[in-house]
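Written out below as structure tokens is the structure these notes cover.
Letters go in sequence order (proteins before strands), and every chain restarts at 1. Everything numeric in this text was worked out from a predicted model, so none of it was measured.
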Number of protein chains: 2
Amino acid sequence: MEAEGGSEPTTTRAPTIYDVAEAAGVAASTVSRTFARPGRVNSQTAERVRAAAAAIGYRANPVAQALSTARTRMIAVLVSDLANPIYAELLRGAQVAASAAGYGVLVEDTREDAVVERETAERILPMVEGVLLASSRMSDAAIRSIAKQRPVVVINRGLADVPCVVADEQRGTRRAVEHLGEAGHRDLVYVAGPDASWPNGARWRAFSDACHELDLAGRRIGPFEPTFAGGFEAALALGGARASGVLVFNALMAVGVIRGLQQAGLRVPEDVSVVGFDDVLIGQIVSPALTTVSTPLQAMGATGLRNLLAVVNGARSRGEPVVVPARLLPRESSGTARQPA
Amino acid sequence: MEAEGGSEPTTTRAPTIYDVAEAAGVAASTVSRTFARPGRVNSQTAERVRAAAAAIGYRANPVAQALSTARTRMIAVLVSDLANPIYAELLRGAQVAASAAGYGVLVEDTREDAVVERETAERILPMVEGVLLASSRMSDAAIRSIAKQRPVVVINRGLADVPCVVADEQRGTRRAVEHLGEAGHRDLVYVAGPDASWPNGARWRAFSDACHELDLAGRRIGPFEPTFAGGFEAALALGGARASGVLVFNALMAVGVIRGLQQAGLRVPEDVSVVGFDDVLIGQIVSPALTTVSTPLQAMGATGLRNLLAVVNGARSRGEPVVVPARLLPRESSGTARQPA
DNA sequence: CAACTTCTGGCAACCGGTTGTCCCCCACCG
DNA sequence: CGGTGGGGGACAACCGGTTGCCAGAAGTTG
């Protein structure tokens, strides 16, 4: 806070178009156009300007550009929890896609809290050209209100009138239930994640429908925190139940469930089969390896971001959500049901 | 890219201080000061201005503020690989700390590439007030060149003249080697990560020194990719060796090593003890659970960011790096050495 | 050779705040 | 009652680009 001593190297102000203009013997507007409107300027002049710019080390000030063009070349990406690898993957996909388009990504971790998310969004809104909401916990109304102010794309959530990128939860879940049914499991449990999570609702509905159609008993427990600890806790709650097949909201929880069950003296998959969602490293490492419904997270992040940029650049989005496929990866955590006692 | 149809809702321009000024019957400068210099303005007037602002829904344009104050209230955070949970943790700590200070975080994933990192840094430099480099792969010279342009704080790397936040690699590594030595392991191997990684060098040196002092045989293999796959690969390379104790550059690799060894028919820890670095979930989940040198990643991210903001706000950094403690968490992947055959 | 286009550079306004400076007005003082 | 001081509002310059408009130059056409 204290003012610095007098020995500062007098931070030489960064060169501006005016400096370049002077060096090249032209007007500032010509310098600006040299970079912003190539073609508008005579190629000889342009060459002189570029040489002068290079000589004095000119680089355009993005803030000034943003002010006059109203384009900040930044996108906000809101995720619920960076410690969850699925968001890290989504973010990564989005970041790389943004970078490729010359955009920067402002991340915000909303800590699974709709209020924090809302406030965060409103706060950074004026700074960005668009917002990518990954697994938003906000209400539909809140999302629409944001979408009224800036282009928005939503990942992992279906929402009319707002462009979405979602996995085929219906089909993925269905496959998981079929998988368990085919292995002879007749008593299924869905371990739920946060109520505010859209995929959680979609998975539960699809689970419920599939159980009904396939004539299986399907119930639900939860909600639990969408973390390893949450899954572990769920496993204990599961203890007494007669479930032989368990479908878990996400991979972190599923791993927690497996560990919790093992802790309780049950074997996976011999006693209980566990199927999760999301294909993340931890699911491959855990023993037994997690049977899971996999969605292309990085691609979803990248697609979401690209679609967002398209809207930012004036594309009219056709109302339909972008649906990416989800497929079942059978691994070791699921197997044949024990003969009913 | 196509221009939109004529039915646009004519996006009503956001209100500016001029609109507020008119509504409140004062000059624009008074509006500006009402928010930027409370106290400079008469409290009655201020109240009127605030009321007018609220009435028409005024919110300051951060871009304009940034242009005139040269403060963007944004910090760049560069990480090598978002898919690595340690960066997700660091980022999370940094993001939360930034948010608390009213700053935004621009993330960039540099994909473990020094060139990408350098270019990325230069590109976003004019947009941010400071740069937080997490596990930079750049040369010292490149980092210093960036530090000349903007305040920089480096995490996971020691570097004279640039503020750093590092873990006590020396001590942590020493503890790991002692741990293995005490368990009777006499042939130790260090599985190296990227050459460009500073912690990799620090760990190898500390390992080497500790082996020397404790009279243990210590060699090194690598470099390998700092990923699960890299560790797995290393395990194969390790196959022939007579190592009984292995220290691995990071947790992801360590887990890969464990799996690779198991694949090769070796038992961990009965045949080989494995110790890693970083305490991340996956190390707790893997079986056997990973014995590891733990560093407070989130805290390092937060501290790094706070120190960066301090420098941005004029603090003179005392030259010493901030060293946070590293401690050994003995778990299941390390145990007593077999009796030498 | 006059009239008209096209090309290209410069001028100045503008984006939306911030801030140095001036000045008016009121209070306080002797 | 005149002089002094300071509180507080307004004016205008400025941050660093962008861009509409204009005008002079050069090229085209009949």
Give a yes or no on whether A/R59 atom CZ has more than 12 heavy-atom contacts from other residues, nucleotides or ligands under 6.0 Å away. yes

Any heavy-atom pair between the side chains of B/R137 and B/S197 that's under 4.5 Å? yes

Nearest whole angstrom, please: distance from the P of D/dA13 to the CG of B/L67. 17 Å

DNA chain C: 5'-most and 3'-most nucleotides touching chain B, 4.0 angstrom heavy-atom criterion: C/dG16 to C/dT21

For B/T30, report the nucleic acid contact type (base, sugar-phosphate, nothing); a contact means any heavy atom under 4.0 Å. sugar-phosphate

Output the rounded distance in Å from CZ (A/R33) to P (D/dT19). 9 Å

Min side-chain heavy-atom separation A/M127-A/L106 under 4.5 Å: yes

Is there a donor on the side chain of A/R40 or the base of D/dG20 sitting less than 3.5 Å from an acceptor on the other? no

Rounding to a whole Å, what distance do you find between B/I17:CD1 and D/dG9:P? 15 Å

Nearest-nucleotide comparison on DNA chain D, the residue closer to the 5′ end among B/S68 and B/T45: B/T45

Presence of A/R37 side-chain N/O under 4.0 Å of D/dT19 phosphate oxygens OP1/OP2: yes

Just to be sure I understand the rule, does B/F35 reach a base, reach only the sugar-phosphate, or reach nothing, if contact means heavy atoms closer than 4.0 Å? nothing

Just wondering, do A/D81 and A/D109 contact through their side chains at under 4.5 Å, heavy atoms? yes

Side chains of A/N42 and A/R48 only: does a donor on one sit below 3.5 Å from an acceptor on the other? no

Considering residues, nucleotides and ligands other than B/E22, do more than 12 of their heavy atoms fall under 6.0 Å from its CD? no

Could you give the angle between the helix axes at the two ends of the helix from C/dC1-D/dG30 to C/dG30-D/dC1, with five pairs per end, rounded to 10 degrees? 50°

Side chains of A/S145 and A/R118: is there a donor and an acceptor less than 3.5 Å apart? yes

Could you check how far CZ of A/R71 sits from P of D/dT19, rounded to whole Å? 11 Å

Does any N or O in the side chain of B/T110 come within less than 3.5 Å of the main-chain N or O of B/V79, such that one atom is a donor and the other an acceptor? yes

Just so I know, are the side chains of A/T45 and A/T34 near enough to count as touching, which here means a heavy-atom distance under 4.5 Å? no

Classify the nucleic acid contact of A/T16 as base, sugar-phosphate or nothing, counting any heavy atom under 4.0 Å across all strands shown. sugar-phosphate

Toward the 5' end of DNA chain D, by each residue's nearest nucleotide, A/Y58 or B/S29: B/S29

Is B/T69 touching bases, backbone alone, or none of the nucleic acid, heavy atoms closer than 4.0 Å? sugar-phosphate

